[in-house]
Student: 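One structure follows; several queries about it will come next.
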There are 2 protein chains.
Amino acid sequence: MNDQIRRNMALFPIGIVMKLTELTARQIRYYEQHGLIHPARTKGNQRLFSFNDVDRLLEIKSLLEKGLNMAGIKQVLQMQAEGEEARTVINQQSEQKRNELTDQELHQMLKKQIIHGGRNADQSMIRGQLSRFFH
Amino acid sequence: MNDQIRRNMALFPIGIVMKLTELTARQIRYYEQHGLIHPARTKGNQRLFSFNDVDRLLEIKSLLEKGLNMAGIKQVLQMQAEGEEARTVINQQSEQKRNELTDQELHQMLKKQIIHGGRNADQSMIRGQLSRFFH
DNA sequence: TTTTTATGTTATTTTTTCTAACACCGATTG
DNA sequence: CAATCGGTGTTAGAAAAAATAACATAAAAA
């Protein structure tokens with residue numbers, strides 16, 4: 001519900017995010033620079049991350065490991081956002097289904113997306129990795 | 001469950017805790033100095049707070065507003081910790097019961113505690129204020 | 001009235017983060 | 001093969017955030 005609000009609260013500095021995600025500051029900033037995340041800023045311009053941001057970074061990391069590049073990741077994340085939207089309207093599916101993403105599924109998603117900039121493709125998801133920890 | 005672990009993860013710096021609790025840094029440090037909280041530290045010695053810490057600070061604040069002093073608050077928090085322990089063993093009670101603490105209840109608790117340093121007094125609780133936000 | 005308590009304020013130092021620039025290496029491409 | 005590009009490492013210098021410590025103070029307690 002307003003769970004979403006909570007998850008979106010900007011809470012921690014980059015140092016913690018580094019530990020949480022095992023990414024370097026350089027990487028995190030680079031991803032931001034390419035529009036993959038949009039952490040908030042303190043009055044003094046320091047980044048402040050939310051749980052959602054960290055979640056997102058974990059996804060980015062996982063997608064990177066699957067060989068995607070910035071553009072690809074951007075697409076996938078964007079699709080997820082759309083899916084998210086749809087799902088809240090429609091309904092929940094089996095818990096398992098949307099927690100793992102096979103290479104084939106991924107490939108398919110990308111294909112669909114790239115070929116016909118289609119909305120509402122397959123609903124498989126990686127989301128909620130950190131969420132599963134910080135419930 | 002290991003919810004406890006999650007809540008105990010040291011995540012945010014004092015700046016955020018200040019906003020979350022509306023306490024000044026001075027106050028927060030003072031309470032630590034008096035053993036009311038025990039935030040973790042970064043390698044460079046900066047305080048790192050967990051959700052539990054923030055929760056605790058909110059309780060401290062509320063107790064302060066009720067006129068307790070450091071010693072009194074320490075007692076109450078300690079009792080809560082013991083109660084926590086007991087409760088996990090025993091069982092849950094009505095949700096309402098343990099979320100508000102009237103002045104009389106508080107007075108009684110303190111009385112019991114002070115008179116006969118007794119363990120396991122009344123189980124009324126303040127706990128979980130922040131928890132209710134960041135569930 | 002003197003003391004104590006909780007908090008404010010200020011000064012100084014240390015830690016953390018920021019941006020920007022340059023370097024590098026593996027994969028692409030001309 | 002040589003040049004490019006994409007993701008990351010590294011470094012330097014500046015700025016922000018946080019730490020400790022000391023002194024100040026108003027209200028409460030003794």
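So you know, we letter chains A, B, ... as the sequences are listed, proteins then strands, and number each from 1. Everything numeric in this text was worked out from a predicted model, so none of it was measured.
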Student: Under 4.0 Å between a side-chain N/O of Tyr30(A) and OP1 or OP2 of dT8(D), yes or no?
Tutor: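 No, Tyr30(A) has no side-chain N/O under 4.0 Å of OP1/OP2 on dT8(D).
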
Student: If you assign each of Leu64(A) and Thr42(A) to its closest nucleotide in DNA chain D, which residue comes earlier from the 5' end?
Tutor: Leu64(A)

Student: Please state how far atom CG in Leu36(A) lies from atom P in dG6(D), giving the value in whole angstrom units.
Tutor: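 Between P of dG6(D) and CG of Leu36(A): 14 Å.
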
Student: To the closest 0.5 Å, what do you measure between CZ (Arg56(B)) and CG (Leu63(B))?
Tutor: 10.5 Å

Student: Just to be sure I understand the rule, does Gln46(B) reach a base, reach only the sugar-phosphate, or reach nothing, if contact means heavy atoms closer than 4.0 Å?
Tutor: base

Student: What is the nucleic acid contact for Arg47(A), judged by heavy atoms within less than 4.0 Å: base, sugar-phosphate only, or nothing?
Tutor: sugar-phosphate

Student: Mind calculating the distance between CG (Asn69(B)) and P (dA29(D)) to the nearest angstrom?
Tutor: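 My rounded result for the distance is 9 Å.
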
Student: Roughly how many Å is it from CG in Leu57(B) to P in dT7(C), rounded to a whole number?
Tutor: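 So the CG-P distance, Leu57(B) to dT7(C), works out to 12 Å.
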
Student: Nearest nucleotide by nearest heavy atom, which residue falls closer to the 5' end of DNA chain C, Gly44(A) or Gly44(B)?
Tutor: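 Of the two residues, Gly44(B) wins.
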
Student: Starting at atom CZ of Arg29(B), determine the distance to atom C1' of dA18(D), rounded to an integer number of angstrom.
Tutor: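 Going from CZ in Arg29(B) over to C1' in dA18(D) covers 6 Å.
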
Student: Within this structure, what is the CG-NZ distance for the pair Leu48(B) and Lys19(A), rounded to the nearest 0.5 Å?
Tutor: 7.0 Å

Student: Report the distance from atom CG of Leu68(B) to atom P of dA29(D), rounded to the nearest whole Å.
Tutor: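 Value for this atom pair: 12 Å.
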
Student: Rounded to whole angstroms, how far apart are CD1 on Ile28(A) and P on dG9(D)?
Tutor: 11 Å

Student: Identify the heavy atoms of His34(B) and Lys74(B) that sit nearest to each other, and give their distance.
Tutor: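 Looking at all heavy atoms of both residues, the shortest contact is O-NZ, 3.7 Å.
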
Student: State whether the side chain of Ser62(B) and the backbone N or O of Leu58(B) hold a donor-acceptor pair below 3.5 Å, judged by distance alone.
Tutor: no

Student: Could you work out which one of dC18(C), dA6(C), dG7(D) sits closest to the side chain of Met70(B)?
Tutor: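 That would be dA6(C).
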
Student: For Arg26(B) and dA11(C), what is the distance between atoms CZ and P respectively, to the nearest whole Å?
Tutor: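 Going from Arg26(B) (CZ) to dA11(C) (P), I get 16 Å.
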
Student: Does the ring center of Phe51(B) lie less than 6.0 Å from the ring center of Phe12(B)?
Tutor: yes

Student: Which of these nucleotides, dG8(C), dT7(C), dC18(C), is closest to any side-chain atom of Arg41(A)?
Tutor: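 In terms of side-chain proximity for Arg41(A), the closest of dG8(C), dT7(C), dC18(C) is dC18(C).
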
Student: Could you check Tyr31(A) against Met18(B) and say which one's nearest nucleotide on DNA chain D is further toward the 5' end?
Tutor: Tyr31(A)

Student: Figure out the CD/C1' separation between Gln27(B) and dT5(C), and round it to whole Å.
Tutor: 13 Å

